[in-house]
Amino acid sequence: MAKIIGREKEMQTLAESMKSERSEFVAVYGRRRVGKTFLIKEYFNNKFSFLFVGTRDIGRTAQLDNFALALQRQFAIDCKPALQNWFEAFHLLEDLLAKKRTKGKRVVFIDEMPWMDSAKSDFVSALELFWNGWANMRDDIVLIACGSATSWMVDKVFHNRGGLFNRVTRHLYLKPFTLNEVEKLLQSQGIRWDRYQIAQCYMTLGGVPFYLTLLNRSESLSQNIDRLFFSSGNAPLRMEYSELYSALFKEPEKYMTIVKALSAKRDGMTRNELMEQCGFGGSSLTKVLSDLERCDFIFGYSQYGNKTKNTLYRIKDFYTLFYYPKIRNYHPIHD
């Protein structure tokens with residue numbers, strides 16, 4: 001845990017989940033690259049009763065095959081089980097966990113869970129049965145559900161209308177680092193910039209840990225930014241913008257349309273202005289704005305004396321503010 005910068009409250013929550021006298025359903029979410037997987041793996045020292053990572057853009061059959069392979073390897077099964085659906089997968093996991101001798105809580109870490117819920121999948125229903133019909137009946141399970149796709153986590157886990165309604169016992173929402181935490185991370189990487197340069201770095205990359213770990217201490221800030229975004233060939237963050245929204249949201253084009261509109265008006269836009277410019281409104285716009293606020297991309301505020309319906313929305317994410325107009329003008333193919 002010495003490698004973890006900040007995240008004191010999150011680690012306290014994880015500690016409490018391990019000490020409690022009940023099974024715990026811990027939901028971990030936040031934007032792409034914010035350090036969710038790193039936090040969980042470092043805190044538990046990569047020691048889990050079972051670990052599985054969902055794979056993006058593959059169907060149920062392939063996901064189940066990967067799940068079966070993970071079961072075979074981690075529980076030392078002679079032959080890889082043939083799983084027909086997620087109900088069979090979770091039933092087998094129950095049996096294997098029950099037979100495994102472990103002192104204290106058994107930690108089940110499912111990373112990138114939203115990607116497991118492929119089209120026409122019974123994943124959510126099977127997860128409901130796993131938790132309600134087995135894990136929640138015990139006192140020794142810590143189920144950690146982690147995912148970057150915020151809209152999925154909110155709709156299918158937090159606001160679930162079925163068997164998972166109000167079942168999450170602890171929430172961990174990882175925000176980007178503060179300026180102080182950025183300074184600590186840079187120092188841990190041997191980067192000795194003055195605070196003016198650190199502030200410039202923060203206003204370019206924001207507090208996203210993964211972006212900051214790509215910085216080279218032998219280069220100046222300008223050289224690092226040039227290499228990460230503008231160098232010919234495969235600049236590490238050249239295509240990050242479109243990947244970021246695609247990983248977080250279904251129908252990412254709607255979210256990018258809103259952000260693009262807001263980027264052109266730094267003093268903010270009202271809901272009606274966004275609806276007129278972006279071409280959609282109603283519950284669809286409400287969800288997009290809510291998701292963007294939840295992921296710390298934008299914030300809404302009402303000016304003194306104005307009604308709530310006149311709320312102004314503005315971009316707050318530093319990386320997005322840097323993307324417009326710097327990176328987009330240099331790489332216009334992104335959106």
Could you pull out every donor-acceptor pair under 3.5 Å between side chains of residues 274-285 and any protein atom, sequence neighbours left out?
residue	atom	partner	partner atom	Å
S284	OG	K254	NZ	2.9

Checklist outcome for this item: For Q72 and D78, the nearest pair of non-hydrogen atoms, with its separation, is NE2-O, 3.3 Å
Checklist entry - What's the spacing between R217 CZ and L215 CG if we round to 0.5 Å? => result 12.5 Å
Checklist entry - For Q223 and I225, what are the C-alpha separation, side-chain angles and deciding distance, and is it a side-chain contact (heavy atoms from CB on, under 4.5 Å)? => result CA-CA 6 Å; Q223 289 172 324; I225 297 303; over 6 Å; no
Next on the checklist: Do E8 and Q12 pair up side chain to side chain, a donor and an acceptor below 3.5 Å, judged on atom types alone?
Outcome noted: no
Next on the checklist: Students often mix this up, so state it plainly: with edges at 30° and 60°, are the rings of F44 and F48 parallel, tilted or perpendicular?
Outcome noted: tilted
Next on the checklist: Between E24 and M18, is there a side-chain heavy-atom distance shorter than 4.5 Å?
Outcome noted: no
Next on the checklist: Please determine whether side-chain contact (heavy atoms from CB on, under 4.5 Å) holds for the pair W193 and C201, giving the CA-CA distance in whole Å, both sets of side-chain angles, and the decisive distance to 0.1 Å.
Outcome noted: CA-CA 10 Å; W193 293 336; C201 175; 4.1 Å; yes
Checklist entry - Between V34 and K175, does a side-chain contact (heavy atoms from CB on, under 4.5 Å) hold up when you go through it step by step? => result CA-CA 7 Å; V34 82; K175 293 181 174 244; 5.9 Å; no
Checklist entry - So how far is it from I141 CD1 to F50 CZ, rounded to the nearest 0.5 Å? => result 12.5 Å
Checklist entry - Which residues pass the salt bridge (charged side-chain N to carboxylate O under 4.0 Å, His left out) test with E181, sequence neighbours left out? => result none
Checklist entry - Closest approach of D122 and R60, non-hydrogen atoms and distance? => result OD2-NH1, 3.6 Å
Checklist entry - For residues 101-119, which residue pairs qualify under side-chain hydrogen bond (donor to acceptor under 3.5 Å, both in side chains), counting only residues two or more places apart or in two chains? => result S20-K105, T37-D111, R106-D140, D117-W152, D117-K156
Checklist entry - Do L129 and V124 share a hydrophobic cluster (ILVMFWY, side-chain heavy atoms under 4.5 Å, transitive)? => result no
Checklist entry - With a 4.5 Å limit on heavy-atom distance, are the side chains of L262 and I298 in contact? => result yes
Checklist entry - Is the backbone N or O of Y313 less than 3.5 Å from a side-chain atom of E293, with the two atoms forming a donor-acceptor pair by type? => result no
Item to check | N216/S218 under side chain to side chain donor-acceptor pair (under 3.5 Å): CA gap, chis, key distance, verdict | outcome: CA-CA 5 Å; N216 189 328; S218 65; 2.7 Å; yes
Next on the checklist: Checking F109 against F52 for the ring-ring contact (aromatic ring centres under 6.0 Å, His included) test, could you report, in this order, the C-alpha distance in whole Å, the side-chain angles of both residues, the deciding distance, and whether it holds?
Outcome noted: CA-CA 6 Å; F109 178 28; F52 182 72; over 10 Å; no
Item to check | Close side-chain approach of M11 to Y43, heavy-atom, < 4.5 Å | outcome: yes
Checklist entry - How far does CG of D95 sit from CZ of F90, to the nearest 0.5 angstrom? => result 13.5 Å
Checklist entry - Mind checking whether V26 and V142 have side chains closer than 4.5 Å, heavy atoms only? => result yes
Item to check | Aromatic F297 / basic K316 pairing, under 6.0 angstrom, 45° off normal | outcome: no
Checklist entry - Can you tell me how far CZ of R294 sits from OH of Y173, rounded to the nearest 0.5 angstrom? => result 9.0 Å
Checklist entry - Should R56 and E243 be marked as a salt bridge (charged side-chain N to carboxylate O under 4.0 Å, His left out) after you check the CA-CA gap, both sets of side-chain angles, and the distance that decides it? => result CA-CA 12 Å; R56 185 176 177 182; E243 286 290 325; 3.3 Å; yes
Checklist entry - Would you say K100 has more than 12 foreign heavy atoms packed within less than 6.0 Å of its NZ? => result yes
Checklist entry - For M203, does the CE atom have more than 12 heavy-atom neighbours from other residues, nucleotides or ligands under 6.0 Å away? => result no
Checklist entry - CD of E253 to NZ of K260: how many Å apart, nearest 0.5 Å? => result 12.5 Å
Item to check | Close aromatic pair by centroid cut-off 6.0 Å: F130 and F123 | outcome: no
Checklist entry - Partners of P236 by side chain to side chain contact (heavy atoms under 4.5 Å, CB included), sequence neighbours excluded? => result L214, L228
Checklist entry - Counting only heavy atoms not in R73, do more than 12 fall under 6.0 Å of its CZ? => result no
Checklist outcome for this item: Which of F229, Y324, Y211, Y255 passes ring pair (Phe, Tyr, Trp, His ring centres under 6.0 Å) with Y241? It is Y324
Checklist entry - How about H171 and F158: are their ring centres within less than 6.0 Å of each other? => result yes
Item to check | Residue pair R22 / T169, side-chain heavy-atom distance below 4.5 Å | outcome: yes
Item to check | Residue pair E183, F177: steps toward the side-chain contact (heavy atoms from CB on, under 4.5 Å) verdict | outcome: CA-CA 10 Å; E183 181 179 39; F177 279 168; over 6 Å; no
Item to check | Criterion side-chain contact (heavy atoms from CB on, under 4.5 Å) against T204, the qualifying member of Y323, F318, F322, Y319 | outcome: F322
Next on the checklist: Would a single hydrophobic cluster contain both F38 and V28, if residues Ile, Leu, Val, Met, Phe, Trp and Tyr are joined by side-chain heavy-atom contacts under 4.5 Å?
Outcome noted: yes
Item to check | Side chains of R33 and S148, donor plus acceptor under 3.5 Å | outcome: no
Checklist entry - Are R31 and V208 close enough that some pair of their side-chain heavy atoms sits under 4.5 Å apart? => result yes
Checklist entry - Quick one: are T320 and S263 in side-chain contact, heavy atoms under 4.5 Å? => result no
Item to check | Non-hydrogen atoms of D296 and P176 that approach each other most closely | outcome: OD2-CD, 3.9 Å
Next on the checklist: Which heavy atom of A89 sits nearest to which heavy atom of L71, and what is that distance?
Outcome noted: O-CD1, 4.4 Å
Item to check | Verdict with supporting geometry, R167 and N136, side chain to side chain donor-acceptor pair (under 3.5 Å) | outcome: CA-CA 9 Å; R167 289 297 188 265; N136 194 40; over 6 Å; no
Next on the checklist: Within this structure, what is the CD1-CE distance for the pair I144 and M113, rounded to the nearest 0.5 Å?
Outcome noted: 10.5 Å
Item to check | Stepwise salt bridge (charged side-chain N to carboxylate O under 4.0 Å, His left out) test for E273 and K265 | outcome: CA-CA 11 Å; E273 290 173 331; K265 198 171 181 180; 3.5 Å; yes
Item to check | Atom of F87, atom of S125 and distance for their closest heavy-atom approach | outcome: CZ-CB, 3.7 Å
Next on the checklist: In the structure I gave you, are the side-chain heavy atoms of I110 and V53 within less than 4.5 Å of one another anywhere?
Outcome noted: no
Item to check | Single-linkage hydrophobic cluster L69~L64, side-chain heavy atoms < 4.5 angstrom | outcome: no
Item to check | Any donor-acceptor N/O pair, S246 side chain to S242 backbone, under 3.5 Å | outcome: yes
Item to check | Any residue meeting side chain to side chain donor-acceptor pair (under 3.5 Å) with R314, in chain and number order, not counting sequence neighbours | outcome: none
Checklist entry - Is it true that a side-chain atom of N224 and a backbone atom of S220 form a donor plus acceptor pair closer than 3.5 Å? => result yes
Checklist entry - For the residue pair F75 and S49, what are the closest heavy atoms and their distance? => result CZ-O, 3.6 Å
Item to check | Set of residues satisfying ring pair (Phe, Tyr, Trp, His ring centres under 6.0 Å) with respect to F299, sequence neighbours excluded | outcome: Y301
